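Everything on this sheet refers to the single structure shown next.
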Amino acid sequence: MKLNRRDFVRLAAMSVFAQPVLAVLQSVTEVRRFRLELRPEQRNWIPESEMPVDLWGLSDTQLTITQGEPVEIEVVNQLPEPTTLHWHGLRIENAMDGVSGLTQEPIPPGGTFTYRFTPEDAGTFWAHSHHKTYEQLARGLYLPVVVEEKMASDTDQDILMVIDDWRLNNEGQLDTESLGSLHEWAHGGRLGNFLTINKEVQPSFTVKAGSRVRLRLLNTANARIFAVDLPEVPAWILAKDGQPLANLMQVTQTLVMAPAERYDLILDIPRDAEGQLSVTMPTDRAPIEMAYLQVEGLHESKRVQSPNRLPANPIDEISPDQMPDHKVVLDMTGGAMGSMTQAVYNGEQMSMQELIQHKQIWAFNGVANRPLEPLLEARSGELVEIEIINNTGWAHGMHLHGHHFKADLARYNPDLWHDTLLMDSGESARIRFVAGKPGSWLLHCHMIEHQAAGMVSWIKVIG
Ligand code: C2O
Ligand code: CU
């Protein structure tokens, strides 16, 4: 072959640029490796008690990774039961979603499983067991996951508060006898009687007067909806469920958080603040103090501007007037004081009595638990609208795996993205999302007892 002059120029240009480009690619694809052991742990929550509380946990208290950087996480199961880890809110490959019996077989005791993914989105997420979740979550098998932005955000400090309630018995131990209580499954789920933040009792975080704090809140309770009052300082919502807001919203009222919901906030600590600021949970009696910000020292530089928004994650915007490619209804029924009389379970029509024998009490579109057929099938990139109707006497926190959606519920600002949505009894919501990565993605109530007792469906995305 005879090269003419133009070909020569092209090749020459390539050889000049090829090398540096390759070098950059290589540095980007270097994999960060982690090893997480799932194992029993103990906490000294009650000073008077001689015995620490026996829980389950992970060998780390937080996983911090970086947006766009591939990770490999070797999970070692040192528990007496099989388990998995689900990466809640992370839009990763379906095979890494960690759903026992759907995307993977559970990791047996003594076994390991390596999760490999590259987090597309920065934000606040979490990992938790997705095998016998009602028990394993109640025992503490979860881990907050912070995916840092590639560029540092304009804050002085990052504080994470993982809110949980535990059911302790009279001996101050985890009440394991009530795990699986059908009564609770039919009502509001398992509510605890002991509150912790980061698995600690009323922890205190030191902050400087005049500083700008990024506060990440995460509700890891099995079923409790938490109300959270921030200290009276200027505060904004930066992100919900890991997705940044296009315009920051000033926090003017109590934050209400269903299980699994997250808020990323900015708190500007005034320059004249001193002593202890508290984060509290309002109740009909006195508020409960959840955690403290202890003001010590003064931040050197003065902040004059209000905070900046976070850079957007690479998620497709959803325009409200675009026609969806798929529209389906999801009718939620069942539970105590509901009118459900029958449902399909494992492909079989059953009476309420038979369902109860299988511990099934709730249904989506007349099917209790994961149906054989998906709620809908969509191609990657198609716009999906699901109208969710809460025809039950209870609140639910609806979670879609592997996707973020917008919703038209008055409780929320319409600009917020969600992977979990709180719906009160009698409410309906239209959720809209763009079908993401191919695979089988669960859609379930994150009041985990409701999920166990029937509130779970799934969608199928094809490439
Ligand atoms: Cu947070 Cu199906 O889970
Ligand atoms: Cu529910």
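For ligands, and for the atoms within them, numbers begin at 1 and follow the listed sequence. As the structure is a computational prediction, the values presented were derived from the model and not from experiment. Start at 1 with the first residue, then count along the sequence.
Going from atom CE of Met447 over to atom CD of Glu449 covers 10.0 Å, rounded to the nearest 0.5 Å. Note that CH2 of Trp166 and CG of Leu55 are 4.5 Å apart. Values are rounded to the nearest 0.5 Å.
When only modelled atom types and interatomic distance are considered, Gln136 and Thr133 share no side-chain donor-acceptor pair under 3.5 Å.
The N, O or S atom of His88 lying closest to atom 1 (Cu) of ligand 1 is ND1. Within His446, NE2 is the N, O or S atom that lies nearest to atom 1 (Cu) of ligand 1.
Glu81 and Lys132 are joined by a salt bridge, as a carboxylate oxygen and a charged side-chain nitrogen come within less than 4.0 angstrom of each other. Between Glu427 and Arg411, at least one side-chain N (NZ, or NE/NH1/NH2) sits under 4.0 Å from a carboxylate O, which counts as a salt bridge.
For His86, every N, O or S atom stays at 2.8 Å or more from atom 2 (Cu) of ligand 1. Taking backbone and side-chain atoms together, His450 has an N/O/S atom less than 2.8 Å away from the Cu ion (ligand 2). Within the 2.8 Å limit, His130 places no N, O or S atom next to atom 1 (Cu) of ligand 1.
For His396 atom ND1 and Cys445 atom SG, the angle they make at the Cu ion (ligand 2) is roughly 130°, to 10 degrees.
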